[in-house]
Asks: 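Input: one structure, supplied below.
Here is how names work: the chains are called A, B, and so on, in the same order as the sequence lines, proteins then strands, and each is numbered from 1. Because only heavy atoms are used, hydrogens play no part in the values below, and waters and symmetry mates are left out as well, while side chains stay in.
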Number of protein chains: 2
Amino acid sequence: MSLPHAILGLLNYRAMTGYDLKRDWFDRSMRFFWPADQAQIYRALERLVEHDWASFTVEAGGDRPNRKVYSLTADGRAELTHWLTTPAALPTVRDPLLVQLFCAADIADDDIARLLAATRAEHQARLDNYRRIQAQLPTLGSGKRLQLWQLVLGNGIERESSYLAWLDHALASFSGDPEPNGSRPTIALTTP
Amino acid sequence: MSLPHAILGLLNYRAMTGYDLKRDWFDRSMRFFWPADQAQIYRALERLVEHDWASFTVEAGGDRPNRKVYSLTADGRAELTHWLTTPAALPTVRDPLLVQLFCAADIADDDIARLLAATRAEHQARLDNYRRIQAQLPTLGSGKRLQLWQLVLGNGIERESSYLAWLDHALASFSGDPEPNGSRPTIALTTP
DNA sequence: AGCATATATATGTGTTATCATATATATGCA
DNA sequence: TGCATATATATGATAACACATATATATGCT
């Protein structure tokens, strides 16, 4: 049930339409740690209203389509506070690359190295993107909110950095070249 | 479509029933990077047969229920090789804790610290479990297969270690105590 | 004797997630 | 003029995942 709660959390910042939620939050930031498309957002809003966690008022939009502006009810605010202070289940890991490696005993080292290199490029791109966002974060908020956003972004940067370090370790053992030493952080991948 | 391919990869090791797949692979190792329950496995096997990537023979099981023993067809072997050498889409990140932190501006630091500490305990347990498995891995395989399994497990260990480092950083900024220095690896969570 | 567990497969159902399409109007650009 | 894009909501369809239950038999434990 994280999507409805995520939306509660965003509506707590300000009252919004489904369109606003998607454009201002899911397309920009939420998608990096909880993606949802338009259809999911509108259906989640319906469910929030059913639970009486949110309500909406219709604003006739002159030339534009009518806007359904959603805001939290008292129940919704209580539910949000409860959810925000209750530990959630850990995310399940589901990584196709690990499945591929697990089953790759019959694949040539060269092919494995190519697979790793291609994956590396995508993780590097992700990390670069996170760093670009990090550079402009301070212009988008301040105070505790900024602190929290930096923390969340920091998780992504840490995650991708460590994935890249692991990929480099893996690449070193499947490509002909010996592992260049000193350039990368050493990681503990062998039995202690 | 990773689950059918994962099963192709396992059937490539040896011909098996759905029950074997679950008991010997999904319950033990696959679940750490591609979980699937019994219903999903049996339905995936049906799909493999439809695609003509696998076929089965029925073994009358005397006292036990009949066994449908699945093995790869030539097409299935070709499909597996192709999949194993083709880069897959990166896993989507969907982490409830990050949603909670992103929306936690109105929550007291103490409550945030409690949330982080509870999550920390679960990630620590995961890491401990990975390390236990790592210690006994060499008894379960050898050669290239062992090398690959160590690599996959190393990914989990690296992932959880780095998540813990990030959590410690986060905890330090939300609990009263100043961050004890020197005990933890420094991570780059501030703008360069 | 009764109960849990193991072997083995099958199906029903609900929830989430993804993708596509429908509707209606306004603005800006080539 | 025409086409893409933005504003705004709604729904249909499918795939993937999760959870529960059904069936049938054997063994081992208390």
Side-chain angles (χ1 to χ4, degrees), chain A residues 1-7 15-28 30-51 54-70 88-96 99, chain B residues 1-7 15-28 30-51 54-70 88-96 99:
Chain A
M1 275 273 276
S2 283
L3 180 62
H5 287 100
I7 293 177
M16 267 179 288
T17 67
Y19 191 82
D20 294 334
L21 281 164
K22 175 172 159 47
R23 186 195 46 193
D24 297 345
W25 297 101
F26 283 89
D27 285 353
R28 291 181 203 273
M30 283 295 277
R31 72 186 172 96
F32 296 114
F33 44 92
W34 202 277
D37 74 349
Q38 180 255 39
Q40 243 183 310
I41 292 169
Y42 279 93
R43 282 173 180 138
L45 283 169
E46 287 169 13
R47 283 173 61 194
L48 290 185
V49 174
E50 280 171 32
H51 281 78
S55 60
F56 64 89
T57 54
V58 177
E59 288 183 4
D63 44 358
R64 314 216 162 278
N66 288 347
R67 291 162 54 86
K68 288 166 93 166
V69 182
Y70 291 83
L90 297 203
T92 39
V93 181
R94 217 171 236 120
D95 188 338
V99 179
Chain B
M1 277 271 275
S2 283
L3 179 62
H5 287 100
I7 292 177
M16 269 179 287
T17 67
Y19 191 82
D20 295 333
L21 281 164
K22 177 173 158 47
R23 186 195 46 194
D24 297 345
W25 297 101
F26 283 89
D27 285 354
R28 291 182 204 272
M30 283 296 278
R31 72 186 172 97
F32 296 114
F33 45 93
W34 203 278
D37 73 351
Q38 180 257 40
Q40 243 183 309
I41 292 168
Y42 278 95
R43 281 173 181 140
L45 284 170
E46 286 170 15
R47 284 173 60 194
L48 290 185
V49 173
E50 280 170 36
H51 280 79
S55 60
F56 63 88
T57 54
V58 178
E59 289 183 4
D63 45 358
R64 313 216 163 277
N66 288 347
R67 291 162 53 86
K68 289 166 94 167
V69 181
Y70 291 84
L90 298 202
T92 36
V93 181
R94 216 171 237 121
D95 187 337
V99 180

Asks: Where the side chain of A/Tyr19 is concerned, which of D/dA6, C/dA8, D/dC17 is the nearest nucleotide?
Replies: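 Given the options D/dA6, C/dA8, D/dC17, the side chain of A/Tyr19 is closest to D/dA6.
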
Asks: So if I take every side-chain heavy atom of A/Asp37 and compare against C/dA17, C/dT16, C/dC19, which nucleotide ends up nearest?
Replies: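 Of the candidates, C/dC19 comes closest.
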
Asks: If you check every side-chain atom of A/Lys68, which of C/dA17, D/dT9, C/dC19 has the closest atom?
Replies: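 Between C/dA17, D/dT9, C/dC19, the one nearest the side chain of A/Lys68 would be D/dT9.
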
Asks: Show, in sequence, the C-alpha distance, side-chain angles and deciding distance for A/Phe56 and A/Val69, and conclude whether the side-chain contact (heavy atoms from CB on, under 4.5 Å) test is met.
Replies: CA-CA 5 Å; A/Phe56 64 89; A/Val69 182; 5.9 Å; no

Asks: Taking the side chain of A/Gln38 as heavy atoms from C-beta outward, which of C/dT7, D/dA18, D/dT9 is closest to it?
Replies: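 My answer, after comparing the listed nucleotides, is D/dT9.
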
Asks: When the distance from CG of A/Leu3 to C1' of C/dT18 is rounded to whole Å, what number comes out?
Replies: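 The answer, rounded to whole Å, is 13 Å.
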
Asks: Counting heavy atoms from C-beta on, name the nucleotide in D/dA8, D/dC19, D/dT7 closest to the side chain of B/Ala39.
Replies: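 The nucleotide sitting nearest to the side chain is D/dC19.
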
Asks: Can you tell me which nucleotide in D/dA16, C/dT9, D/dT9 comes closest to the side chain of B/Thr17?
Replies: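 Out of D/dA16, C/dT9, D/dT9, the nucleotide with an atom closest to B/Thr17's side chain is C/dT9.
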
Asks: Has A/Arg31 got a side-chain atom pairing as donor or acceptor with A/Asp27's backbone, closer than 3.5 angstrom?
Replies: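 Checking the backbone N and O of A/Asp27 against the side chain of A/Arg31, a donor-acceptor pair under 3.5 Å is found.
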
Asks: Give one of base, sugar-phosphate or nothing for A/Arg43, where a contact means two heavy atoms less than 4.0 Å apart.
Replies: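 Base contact.
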
Asks: Any side-chain N or O of B/Arg23 less than 4.0 Å from the OP1 or OP2 oxygen of C/dA6?
Replies: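 So the side-chain polar atoms of B/Arg23 never come under 4.0 Å of the phosphate oxygens OP1 or OP2 of C/dA6.
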
Asks: A/Gln40 CD to D/dA15 C1': how many Å, rounded?
Replies: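 Answer to the nearest Å: 13 Å.
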
Asks: Should B/Asp37 and B/Lys22 count as an ion pair when the cut-off is N to O under 4.0 Å?
Replies: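 Salt bridge: no.
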
Asks: OH of A/Tyr42 versus P of D/dG12: gap in Å, rounded?
Replies: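 Those two atoms, OH and P, are 17 Å apart.
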
Asks: Please classify the nucleic acid contact of B/Ala36 as base, sugar-phosphate, or nothing, using heavy-atom distances under 4.0 Å.
Replies: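 No contact.
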
Asks: Please report the distance, rounded to the nearest Å, between CG in A/Asp24 and C1' in D/dA6.
Replies: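 Atom CG in A/Asp24 sits about 13 Å away from atom C1' in D/dA6.
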
Asks: Would you kindly give the CD-to-C1' distance between B/Glu46 and C/dA8, to the nearest whole Å?
Replies: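 Taking atom C1' of C/dA8 as the reference, CD of B/Glu46 is at 14 Å.
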
Asks: To the nearest 0.5 Å, what is the distance between CE on A/Met16 and CG on A/Leu45?
Replies: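 It is 9.5 Å, given to the nearest 0.5 Å.
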
Asks: Check the distance between C/dA8's C1' and B/Leu21's CG and give it to me in whole angstrom.
Replies: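 Taking atom C1' of C/dA8 as the reference, CG of B/Leu21 is at 13 Å.
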
Asks: Measure from the side chain of B/Asp20, starting at C-beta and using heavy atoms only, and say which of D/dA10, C/dT16, C/dA8 lies closest.
Replies: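 Of the options given, the side chain of B/Asp20 lies nearest C/dA8.
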
Asks: Less than 4.0 angstrom between a side-chain N/O of A/Arg94 and OP1 or OP2 of D/dA18, yes or no?
Replies: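 Yes, such a contact exists.
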
Asks: Is the shortest heavy-atom distance from the side chain of B/Arg94 to the side chain of A/Thr92 under 4.5 Å?
Replies: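 They are not in side-chain contact.
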
Asks: For the pair made of CZ in B/Arg47 and C1' in D/dT14, what is the distance, rounded to whole Å?
Replies: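 Going from CZ in B/Arg47 over to C1' in D/dT14 covers 11 Å.
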
Asks: Output the rounded distance in Å from CZ (B/Arg31) to C1' (D/dC17).
Replies: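 These atoms are roughly 17 Å apart.
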
